[in-house]
Amino acid sequence: MDQKREHRPSIRRGAIIHLVILLILLAVSGYLLWLALFQQTQGVFILYLIASILVFLPFPFFLYRLISLLRAKYTLSRDGVSIQWGLRTEDIPITEIEWVRLPDDLAIKLPIPRIIFPGVVLGTRKHKDLGIIEYIASDLNQLILIATKDRIFAISPRNINAFEDDFYRSAEMGSITPIKKQSSQPQFIATSLMSDKAVRAFLLSSVFLSLLLLVTVSFIIPTRATVPLGLEAVGINREESSSERLILLPLLSLFIFFVDFGFGSYLYRKKGFRSAAYIVFASALILPISFSALLLMVFLSK
């Protein structure tokens, strides 16, 4: 029976840094949005609103990196090595592994990625003697190299000695059925999504409707003090709410879009879940369509 052993990278430093960045982005974006809601001049309101959105844009990126770091793992078995880092996955058959070494064993120093973010080391460089080196690690000081025919993977298990021992123990056991070689990268998944006509239609339509909703409410808020957000029977006065609350409609719509995009992408690449992924992507249209219809009905009925 093949016993799998999981090794995880050190996540404390990277998790803290990413969490701090997320809180800063959220705080600054929220503050700019708060300033926008108190502007009486339409032009100034739109500027603050755009600034708030621009500050928030990196938020999904860093959130994805944080989740990827927290779920990252290197799995060893007698049949091969599996690397998982968010949407980046690599299954290496044991027969494809040529050697496992520490960077100190090399005659020529490793070239490091051009852009290094504290706590997360990702990227590809070319070594003079070894060829392509792909970093899927969290700490440059905790690296171990796995050489294959195509490239070398630089990973950073929390306990390097335990990882080495488990690897050699698994290799000594031999493999009858090596795992199937598979590779998945975020950019390839994005390309695959955009090449799917149905997915492309769902995503682009959702973004367009959400941005159209944002532009619409940005012109409405400075011109009205209150708006009716409830629909009741004819002849009954509807409760008026501050027009500033309208900004919640497009913001909620965009937030749900990012959630649906991330969850749908995860399902899209898993076997047997393609139909579920289509449902998730299609659901991204529900909120912008519903909010647009609500906005139209409210002002037509007034």
Side-chain angles (χ1 to χ4, degrees), residues 5-21 58 60-76 80-168 170-171 179 181-192 269:
R5 300 174 179 85
E6 290 187 357
H7 292 262
R8 297 185 178 274
S10 299
I11 65 173
R12 183 176 180 180
R13 183 187 181 196
I16 291 175
I17 292 175
H18 279 76
L19 187 59
V20 170
I21 291 176
F61 170 76
F62 285 103
L63 180 61
Y64 164 74
R65 288 172 67 101
L66 175 60
I67 295 174
S68 299
L69 177 61
L70 295 177
R71 298 183 67 248
K73 61 182 179 181
Y74 314 115
T75 305
L76 289 171
V81 178
S82 296
I83 301 173
Q84 179 180 331
W85 197 290
L87 295 178
R88 178 68 176 104
T89 59
E90 190 78 27
D91 292 336
I92 311 171
I94 194 67
T95 53
E96 293 281 328
I97 299 177
E98 298 182 343
W99 49 259
V100 173
R101 296 178 186 171
L102 297 176
D104 293 339
D105 298 334
L106 302 178
I108 301 179
K109 187 177 180 181
L110 285 178
I112 62 176
R114 292 182 176 86
I115 300 177
I116 297 180
F117 199 83
V120 177
V121 184
L122 303 173
T124 303
R125 291 298 303 272
K126 190 171 183 179
H127 191 276
K128 181 179 179 181
D129 295 334
L130 303 177
I132 298 176
I133 300 178
E134 181 175 355
Y135 290 83
I136 310 178
S138 63
D139 189 348
L140 285 174
N141 298 318
Q142 288 285 112
L143 292 180
I144 188 168
L145 308 177
I146 301 177
T148 68
K149 297 177 181 179
D150 300 328
R151 63 181 57 197
I152 293 176
F153 295 95
I155 64 175
S156 60
R158 186 181 295 116
N159 190 329
I160 292 182
N161 293 330
F163 182 90
E164 280 189 294
D165 292 341
D166 287 342
F167 172 78
Y168 289 119
S170 298
I179 60 176
K181 183 177 181 180
Q182 292 183 340
S183 180
S184 176
Q185 299 192 34
Q187 58 265 36
F188 292 154
I189 294 175
T191 302
S192 179
R269 69 184 183 91

Asks: Measure the shortest side-chain to side-chain distance between Val121 and Ser156 over non-hydrogen atoms and say whether it is less than 4.5 angstrom.
Replies: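 They are not in contact (no side-chain heavy atoms under 4.5 Å apart), so the answer is no.
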
Asks: Quick one: does Ile133's side chain get under 4.5 Å of Phe153's, heavy atoms only?
Replies: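 Not in contact.
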
Asks: For Arg5 versus Ser170, what's the shortest heavy-atom pair and its separation?
Replies: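 Answer, listing the atom of Arg5 first, then Ser170: NH1-OG, 3.3 Å.
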
Asks: Decide yes or no for Phe167 and Ile97: does some side-chain heavy atom of the first lie under 4.5 Å from some side-chain heavy atom of the second?
Replies: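 In contact.
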
Asks: Might you point out which heavy atoms bring His18 and Phe62 nearest each other, and give the distance in Å?
Replies: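 In terms of heavy atoms, the two residues are closest at CD2-O, 3.7 Å.
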
Asks: Over all heavy atoms of both residues, which pair between Ala154 and Ala137 is shortest? Give the atoms and the distance, please.
Replies: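 Smallest interatomic distance, heavy atoms only, reads O-CB, 3.8 Å.
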
Asks: List the steps and the verdict of side chain to side chain contact (heavy atoms under 4.5 Å, CB included) for Ile83 and Thr89.
Replies: CA-CA 5 Å; Ile83 301 173; Thr89 59; over 6 Å; no

Asks: Quick one, Ile152 and Ile132 - any side-chain contact, counting heavy atoms below 4.5 Å?
Replies: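 Counting from C-beta outward, Ile152 and Ile132 never come under 4.5 Å.
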
Asks: Atom CG of Leu106 and atom CG of Asp129: how far apart are they, to the nearest 0.5 Å?
Replies: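 Rounded to the nearest 0.5 Å, the CG-CG separation comes out at 9.0 Å.
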
Asks: Go through the steps to decide whether Tyr135 and Ile116 satisfy the test side chain to side chain contact (heavy atoms under 4.5 Å, CB included), and finish with yes or no.
Replies: CA-CA 10 Å; Tyr135 290 83; Ile116 297 180; over 6 Å; no

Asks: Taking atom CZ of Arg8 and atom CD of Gln84, what is their separation to the nearest 0.5 Å?
Replies: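 Reported value, rounded in 0.5 Å steps: 8.0 Å.
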
Asks: I'd like to know if the side chain of Ser138 and the backbone of Ser10 have a donor-acceptor N/O pair within less than 3.5 Å.
Replies: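 Looks like yes, one N/O pair under 3.5 Å.
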
Asks: Distance from Arg101 atom CZ to Leu143 atom CG, nearest 0.5 Å?
Replies: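 Atom-to-atom, Arg101:CZ and Leu143:CG are 15.5 Å apart.
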
Asks: Could you state the interatomic distance from CG (Leu66) to CD1 (Ile17), rounded to the nearest 0.5 Å?
Replies: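 The distance works out to 11.5 Å.
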
Asks: To the nearest 0.5 Å, how far apart are CZ in Arg12 and CG in Leu69?
Replies: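 So the CZ of Arg12 and the CG of Leu69 are separated by 13.5 Å.
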
Asks: Search all heavy atoms of Trp85 against all heavy atoms of Ala72 and return the closest pair with its distance.
Replies: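 For Trp85 and Ala72, the tightest heavy-atom pair comes out as CE3-CB, 3.5 Å.
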
Asks: Indicate yes or no: at least one non-hydrogen side-chain atom of Val100 is less than 4.5 angstrom from one of Ile144.
Replies: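 Yes; the side chains approach each other to less than 4.5 Å.
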
Asks: Between Gln142 (side chain only) and Arg158 (backbone N and O only), is there a donor and an acceptor less than 3.5 Å apart?
Replies: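 Yes; judged by distance alone, with no hydrogens or angles, the pair exists.
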
Asks: Rounded at 0.5 Å granularity, tell me how far OG1 in Thr75 sits from NE2 in His7.
Replies: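 That separation rounds to 9.0 Å.
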
Asks: Kindly indicate whether the side chain of Phe163, heavy atoms from C-beta on, has any atom under 4.5 Å from the side chain of Ile155.
Replies: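 Side chain of Phe163 against side chain of Ile155, heavy atoms only: contact under 4.5 Å found.
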
Asks: Between Arg151 and Glu90, does at least one N-O distance fall below 4.0 Å, as a salt bridge requires?
Replies: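 No.
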
Asks: Taking the side chain as C-beta and beyond, is there a heavy-atom pair between Ser183 and Arg88 under 4.5 Å?
Replies: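 Yes - at least one pair of side-chain heavy atoms lies under 4.5 Å apart.
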
Asks: Closest approach of Glu164 and Leu102, non-hydrogen atoms and distance?
Replies: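 Closest heavy-atom pair between Glu164 and Leu102: OE2-CG, 4.3 Å.
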
Asks: Looking only at heavy atoms, what is the nearest atom pair of Pro157 and Tyr74, with distance?
Replies: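 Nearest heavy atoms, Pro157 then Tyr74: N-CE1, 3.6 Å.
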
Asks: Counting only N and O atoms by type, is there a donor-acceptor contact under 3.5 Å from the side chain of Arg125 to the main-chain atoms of Ile112?
Replies: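 Judged by distance alone, yes, a pair lies under 3.5 Å.
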
Asks: In sequence, state the C-alpha distance, the side-chain angles, and the governing distance for Trp99 and Leu145, and then conclude on side chain to side chain contact (heavy atoms under 4.5 Å, CB included).
Replies: CA-CA 8 Å; Trp99 49 259; Leu145 308 177; 3.9 Å; yes

